[in-house]
Q: 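The structure that follows is given in the form of structure tokens.
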Amino acid sequence: MSLLPAVLNDIAALTAVTGMTYAVTLLAVATASIASRSPARRRDARATLAILMRRRPPC
């Protein structure tokens with residue numbers, strides 16, 4: 001039997017888990033950037049969000 005279907009299934013599962021983990025991380029950081037009371041924490045959370053989303057911060 002070929003191992004290709006099993007390997008493809010494992011790769012698909014790993015990709016799904018990695019994507020969900022990334023999405024949950026983005027959601028947590030976005031929530032922190034909105035809900036934090038301290039302006040410094042909000043600024044740090046926005047900077048982290050920009051890094052995670054691979055965007056440059058506004059000048």
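Heavy atoms only: backbone and side chains are in, while hydrogens, waters and symmetry mates are out. Because the structure is predicted, anything quoted here is derived from the model rather than measured. The chain is numbered in sequence order, starting from 1.
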Q: Working to the nearest 0.5 angstrom, can you tell me the gap between T18 OG1 and I11 CD1?
A: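 Spacing of OG1 (T18) from CD1 (I11) equals 11.5 Å.
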Q: Identify which one of R46, R41, R43 satisfies the side chain to side chain contact (heavy atoms under 4.5 Å, CB included) criterion when paired with S36.
A: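 Result: among R46, R41, R43, R41 is the only option passing the side chain to side chain contact (heavy atoms under 4.5 Å, CB included) with S36.
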Q: Could you go through residues 21-34 and list every donor-acceptor pair under 3.5 Å that involves a side-chain atom there, pairing it with any protein atom two or more places apart or in another chain?
A:
residue: T21; atom: OG1; partner: V17; partner atom: O; Å: 2.8
residue: Y22; atom: OH; partner: L52; partner atom: O; Å: 2.1
residue: T25; atom: OG1; partner: T21; partner atom: O; Å: 2.9
residue: T31; atom: OG1; partner: L27; partner atom: O; Å: 2.8
residue: S33; atom: OG; partner: A30; partner atom: O; Å: 2.7

Q: Test your reading of the model: is there a side-chain donor-acceptor pair from R42 to the backbone of R37, 3.5 Å cut-off?
A: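 Yes, R42 side chain to R37 backbone: donor-acceptor pair under 3.5 Å.
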Q: Using 0.5 Å steps for rounding, measure from the CG atom of L49 to the CG atom of D44.
A: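 Answer for the CG-CG pair, L49 versus D44, is 12.5 Å.
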Q: Look at the side chain of S38 and the backbone N and O of A40, then say whether any donor-acceptor pair between them is shorter than 3.5 Å.
A: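 Between the backbone of A40 and the side chain of S38 there is a qualifying donor-acceptor contact (under 3.5 Å).
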Q: In Å, rounded to the nearest 0.5 Å, how long is the span from CG of N9 to CG of L4?
A: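 Here the rounded value is 11.0 Å.
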